[in-house]
2 protein chains.
Amino acid sequence: MNEFTSRIPDATVRRLSLYLRFLEDFERLGVTSVASVALAERGGTTAAQVRKDLSHLGSYGKRGLGYSVDELTGVLRGVLGLDCTWRVALLGAGRIGTALVEYEPFRRRGFHITTVIDNDPCKVGTRLGKIRIRGQDELEDVLREDRIDLVIVAVPAPVAQGMVDRVVAAGIKAVLNYAPVQLRLPADVALRNVSMLVELESLSYALARHRQ
Amino acid sequence: MNEFTSRIPDATVRRLSLYLRFLEDFERLGVTSVASVALAERGGTTAAQVRKDLSHLGSYGKRGLGYSVDELTGVLRGVLGLDCTWRVALLGAGRIGTALVEYEPFRRRGFHITTVIDNDPCKVGTRLGKIRIRGQDELEDVLREDRIDLVIVAVPAPVAQGMVDRVVAAGIKAVLNYAPVQLRLPADVALRNVSMLVELESLSYALARHRQ
DNA sequence: TTCAGCTTGTGAACGAATTCACAAGCCGAA
DNA sequence: TTCGGCTTGTGAATTCGTTCACAAGCTGAA
């Protein structure tokens with residue numbers, strides 16, 4: 001097994017992302033070696049699950065010892081594509097967009113938001129942090145000029161699909177969607193949805209059951 | 001099958017939440033009856049999946065016709081616990097917290113953020129929209145006074161666990177976590193994580209694979 | 001009333017993900 | 001060197017979720 005021959009299941013990729021976070025914590029604490037059971041405790045899963053997940057990457061553990069924090073951190077960064085920086089454009093400079101631009105962990109992980117686009121003519125030309133907001137008519141141009149790899153959608157639901165169609169036509173292959181709509185796009189474009197409402201409603205379901 | 005005898009799988013609950021959104025769109029358009037295949041197209045899934053999901057709720061479809069938009073909307077609201085209002089407290093009045101307080105869809109669905117708590121003494125006493133920000137020393141008191149059902153965590157990672165422990169001790173049974181940490185809490189408390197980083201990193205993985 | 005055309009609800013088949021269980025391997029102590 | 005205590009990596013078993021396929025049932029037309 002290695003990172004090239006086989007696709008890693010999505011559920012596993014998401015956990016790898018968590019493991020990386022834990023490893024960075026361990027690194028900060030000066031821990032040099034970590035067993036699957038320690039990662040499992042931290043992540044609320046089982047040791048077998050951790051080992052199965054990590055086995056997708058190859059054989060980086062030492063029997064009797066566990067995993068080298070240093071080595072595994074590097075491997076995970078590599079597999080997850082975090083050993084380079086990704087250039088990100090944000091569509092929508094509303095409240096959510098604004099919060100995302102200034103979200104430190106993104107930059108720390110190599111996601112650089114270089115470009116912000118908004119439909120509101122009042123906002124175009126003003127600055128969000130250090131970034132000058134561009135108008136939607138410039139969309140295709142700035143995606144090319146700024147060599148954007150990935151687009152975050154944080155515009156109101158009704159305009160999301162239209163903008164994403166243009167983004168896809170411009171050749172972007174990865175979209176992170178915060179708008180409360182189900183976007184339709186070609187199979188070769190990766191899409192993740194961050195749905196505040198879906199999560200909240202599944203909690204509501206749990207609460208409603210709880211009290212019969 | 002009905003909503004009391006059997007627990008609905010989590011994956012299904014999340015899709016129910018989407019179906020409800022689609023039904024509301026159909027309702028606005030004046031459509032009165034909808035077939036599983038229409039909901040499937042809208043949600044990027046299959047008609048069989050939709051029917052299997054809805055079969056968890058009981059038998060609300062009419063063969064040859066589909067589902068009554070009105071009736072199914074009501075049933076879904078009921079099952080998801082959206083036929084009442086939930087009182088929500090927000091921990092953390094940072095950028096993410098601020099964006100969440102003002103997020104319209106929450107209120108429209110019956111989630112009323114009545115309470116905001118922040119650790120920063122400079123913020124305590126100031127207002128976020130109409131809500132006066134309270135200090136963390138008041139946490140237990142306001143949770144009780146405001147009869148909070150559900151807590152949204154949007155504080156920095158290092159302080160999240162400590163605050164959630166107090167929230168759980170105060171009897172709260174549902175937590176929505178935006179902080180980039182894995183919270184540990186008792187099994188009878190429902191927890192959902194909204195992890196911006198995990199989603200972004202799984203896109204990064206897709207991109208990295210894409211170009212070998 | 002009968003028939004054609006749809007669409008649901010669901011057991012059964014299938015597939016994916018998780019858990020189990022254990023051989024293989026490393027380390028440090030004696 | 002040998003042994004005991006750990007821990008990995010992985011087939012096999014199991015559980016969970018999705019898809020298939022079709023009988024049952026509704027509607028409207030003739």
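Every chain is numbered from 1 and lettered A, B, ... according to where its sequence line falls, protein lines coming before strand lines.
Looking at which nucleotide of DNA chain D each of Gly64(A) and Ala48(A) is closest to, the 5′-most match is held by Gly64(A). Residue order along DNA chain C, read from the 5' end via each residue's closest nucleotide, puts Ala11(A) first among Arg51(A) and Ala11(A).
At a threshold of 4.0 Å, the pair Arg14(A)-Glu201(B) does not count as salt-bridged, since none of the basic side-chain nitrogens sits closer than that to a carboxylate oxygen. Between Glu138(A) and Arg144(A) there is no salt bridge, since no side-chain nitrogen of the basic residue lies less than 4.0 Å from a carboxylate oxygen of the acidic one.
The aromatic rings of Tyr103(B) and Phe106(B) sit perpendicular, their planes meeting at an angle over 60°, well past the 30° parallel limit.
Side-chain N/O atoms of Arg51(A) and Ser36(A) include a donor and acceptor closer than 3.5 Å. Using a 3.5 Å distance cut-off with no hydrogens or angles, the side chains of Gln136(A) and Arg166(A) do pair a donor with an acceptor.
Taking only side-chain nitrogens and oxygens, Ser36(A) never comes nearer than 4.0 Å to OP1 or OP2 of dT7(D). The phosphate of dG9(C) (OP1 or OP2) has no side-chain N or O of Ser55(B) nearer than 4.0 angstrom. The side chain of Arg15(B) places an N or O atom within less than 4.0 Å of a non-bridging phosphate oxygen (OP1 or OP2) of dT18(D). Proximity of Tyr67(B) to the phosphate of dG9(C): a side-chain N or O atom is located under 4.0 Å from OP1 or OP2. At least one side-chain nitrogen or oxygen of Gln49(A) sits closer than 4.0 Å to the OP1 or OP2 atom of dT19(C).
Straight-line distance from the CZ atom of Arg14(A) to the P atom of dT18(C): 12 Å, rounded to whole Å. Atom NZ of Lys62(B) and atom C1' of dG9(C) are 13 Å apart (whole Å). Look at CG on Asp10(B): it is 12 Å from C1' on dC16(D), rounded to the nearest Å. What separates CG of Asp53(A) from P of dG9(D) is a distance of 12 Å, to the nearest Å. To the nearest angstrom, C1' of dA16(C) lies 16 Å from CD1 of Ile8(A). Between the CG atom of Leu65(B) and the P atom of dG28(D) there is a distance of 7 Å, given to the nearest Å. One atom, CG of Leu72(A), and another, P of dT8(D), lie 11 Å apart when rounded to the nearest Å. Residue Leu54(A) contributes atom CG, which lies 8 Å from atom P of dG9(D) at whole-angstrom precision.
Donor-acceptor pairing under 3.5 Å, judged by distance alone, is present between the side chain of Arg63(B) and the base of dT8(C).
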